[in-house]
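Following: one structure in structure tokens, then a few remarks.
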Amino acid sequence: MMPGMSMLRLAPSLLAADQTNLQAAVDACAAAGIQVLHLDVMDGHYVPNLTFGPKVAVDLARYITAREYEMHLDVHLMVTDPDRFVPAFAEARPAWITIHAEAPIHPLRTLQLIRDHGCGAGISLNPGTPLSALEELLDLTDLILLMSVNPGFAGQRFIESSLDKIARCRTLLEHRQSLAILEVDGGIGVANLSQVVAAGARMLVVGNAAFDEREGRTMAGNLAALQASLRQCQI
């Protein structure tokens, strides 16, 4: 856990924010006491979408520093060849860079590369990937990201069977005495946030639940509701 961070935290995904005004999204998160910003990086190959490049991450980091916000970037690489991208995204000094277990040919080498660049090393599993994929990677893993939707697009529905997988992953971490953070991404909102925490998650990626401003909603109101729900959770 990063110094000064709470045990339970939200990680709003900027993929769901207004892409013409990311500064407003960052400002709203800072005002709501958010400590982590999730950056979904997609290459159009590993997943069928294109999103942020490393310059966006670097510029976001500079903006956060300039505004003196107590926030950390959480970079999620949904790319086929993460080794190519790690050095460039590491320039933003994110707290974590996460790769998919299914993507690199040698995931242990990639996790070590992330650590060599001074970042926490994360490993992500898609809904159809078994937890056994983590067995040989835990010793170099600082964060585990379980996908509760198939990656690629914001706004998908939470896959209910993910709750059992989260619980089994929590058991695995405790059995191995691992300090890795268990993060969950996909379809999380006020309605199911407590269930995801009860299953064992400690960091929750929220997208539309944070940034959807349709039908009179506001980012400030969304984030306040999510933070209130999180405070009611017991671990």
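- Residue R93 qualifies as open at atom CZ: its count of foreign heavy atoms under 6.0 Å is 12 or below.
- D116 has its side chain within reach of Q112: a pair of non-hydrogen atoms, C-beta onward, lies under 4.5 Å apart.
- Clustering ILVMFWY residues whenever any of their side-chain heavy atoms sit less than 4.5 angstrom apart, transitively, puts V184 in the very cluster that holds L137.
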**Message:** Under the criterion side-chain contact (heavy atoms from CB on, under 4.5 Å), I'd like the reasoning laid out for D18 against F211: C-alpha separation, chi angles, the key distance, then a yes or no.
**Reply:** CA-CA 8 Å; D18 181 350; F211 297 119; over 6 Å; no
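- The number of heavy-atom neighbours closer than 6.0 Å to CD of Q19, taken from other residues, nucleotides and ligands shown, is above 12.
- The CH2 atom of W96 sits 13.5 Å away from the CG atom of L39 when rounded to the nearest 0.5 Å.
- Within the 3.5 Å criterion, the main-chain N or O of S161 finds no donor-acceptor partner in the side chain of D164.
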**Request:** Please report the C-alpha distance between H38 and M203 in whole Å, then the side-chain angles of each, then the deciding distance to 0.1 Å, and finally whether the side-chain contact (heavy atoms from CB on, under 4.5 Å) criterion is met.
**Result:** CA-CA 11 Å; H38 191 80; M203 188 150 71; over 6 Å; no
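- Proximity of K55 to D59: side-chain heavy atoms (C-beta onward) are separated by under 4.5 Å at one or more points.
- Looking at H45 and T80, their side chains do bring a donor and an acceptor atom within 3.5 Å of each other.
- Listed here is the closest heavy atom pair of V206 and I188: CG1-O, 3.8 Å.
- Between the E183 side chain and the A201 main chain, no donor and acceptor come within less than 3.5 Å of each other.
- At least one donor-acceptor pair under 3.5 Å links the side chain of S178 to the backbone N or O of A180.
- Taken from SG in C119 to CD1 in I97, the straight-line distance is 4.0 Å, to the nearest 0.5 Å.
- Side-chain contact check for T98 versus L143: some heavy-atom pair is nearer than 4.5 Å.
- Annotation for L22 and L14: closest pair CD2-O, 4.0 Å, computed over non-hydrogen atoms.
- Follow the hydrophobic side-chain contacts under 4.5 Å out from L50 and you never reach V79; the two are in separate clusters.
- A donor-acceptor distance shorter than 3.5 angstrom exists from the side chain of T51 to the backbone of M42, with no hydrogens or angles considered.
- The shortest distance between side-chain heavy atoms of C29 and L223 falls below 4.5 Å.
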**Request:** May I have the step-by-step check of side-chain contact (heavy atoms from CB on, under 4.5 Å) for L134 and T141, ending in yes or no?
**Result:** CA-CA 9 Å; L134 294 173; T141 301; 5.8 Å; no
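- Hydrophobic cluster membership differs between I159 and I166, with clusters built from Ile, Leu, Val, Met, Phe, Trp and Tyr side chains linked at under 4.5 angstrom.
- Between G200 and L182 the shortest heavy-atom distance is O-CD2, 3.4 Å.
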**Request:** Would you please test V86 and L77 for side-chain contact (heavy atoms from CB on, under 4.5 Å) and show each step?
**Result:** CA-CA 9 Å; V86 166; L77 295 182; 4.1 Å; yes
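- The backbone N or O of L125 lies less than 3.5 Å from no partner atom in the side chain of T129, so there is not a single donor-acceptor pair.
- Looking at Q35, its side chain never comes within 3.5 Å of a backbone N or O of R9 through a donor-acceptor pair.
- The two residues Q195 and L163 come nearest to each other via the heavy atoms O-CD2, 3.7 Å.
- Within 6.0 Å of CD on Q177 lie no more than 12 heavy atoms contributed by other residues, nucleotides or ligands.
- Listed for the N222 side chain is a donor-acceptor partner under 3.5 Å among the backbone atoms of A210.
- Put simply, the side chain of L60 does not reach to within 4.5 Å of the side chain of F52, judged on heavy atoms.
- How far CG of L172 is from CD1 of I144: 6.5 Å, rounded to the nearest 0.5 Å.
- Side-chain atoms of D27 and Q23 include no donor-acceptor pair closer than 3.5 Å.
- Residues V58 and I64 do not share a hydrophobic cluster, clusters being chains of Ile/Leu/Val/Met/Phe/Trp/Tyr side chains in contact below 4.5 Å.
- Within the 4.5 Å cutoff, the side chain of N49 has no heavy atoms near those of the D40 side chain.
- Rounding to the nearest 0.5 Å gives a distance of 3.5 Å between CG of L37 and CE of M71.
- Nearest heavy atom pair, residue D185 against residue V205, reads OD1-CG1, 3.4 Å.
- In this structure, N126 contributes its side chain and H100 its backbone to no donor-acceptor pair below 3.5 Å.
- Cluster annotation: F85 and I105 are assigned to distinct hydrophobic clusters (Ile/Leu/Val/Met/Phe/Trp/Tyr, side-chain heavy-atom contacts under 4.5 Å, transitive).
- Looking at H72 and D74, their side chains never bring a donor and an acceptor atom within 3.5 Å of each other.
- The line from CE of M147 to OG of S162 is 9.5 Å long, rounded to the nearest 0.5 Å.
- Within a 6.0 Å sphere centred on CZ of R62, heavy atoms belonging to other residues, nucleotides or ligands number 12 at most.
- Listed for the D142 side chain is a donor-acceptor partner under 3.5 Å among the backbone atoms of A121.
- In this structure, OG on S124 lies 3.5 Å from CG on L145, to the nearest 0.5 angstrom.
- The closest donor-acceptor contact from the side chain of R67 to the backbone of A30 lies at 3.5 Å or more, if one exists at all.
- Minimum heavy-atom separation, C169 to L131: N-CD1, 3.5 Å.
- Using a 4.5 Å heavy-atom threshold, the side chains of V26 and Y63 count as touching.
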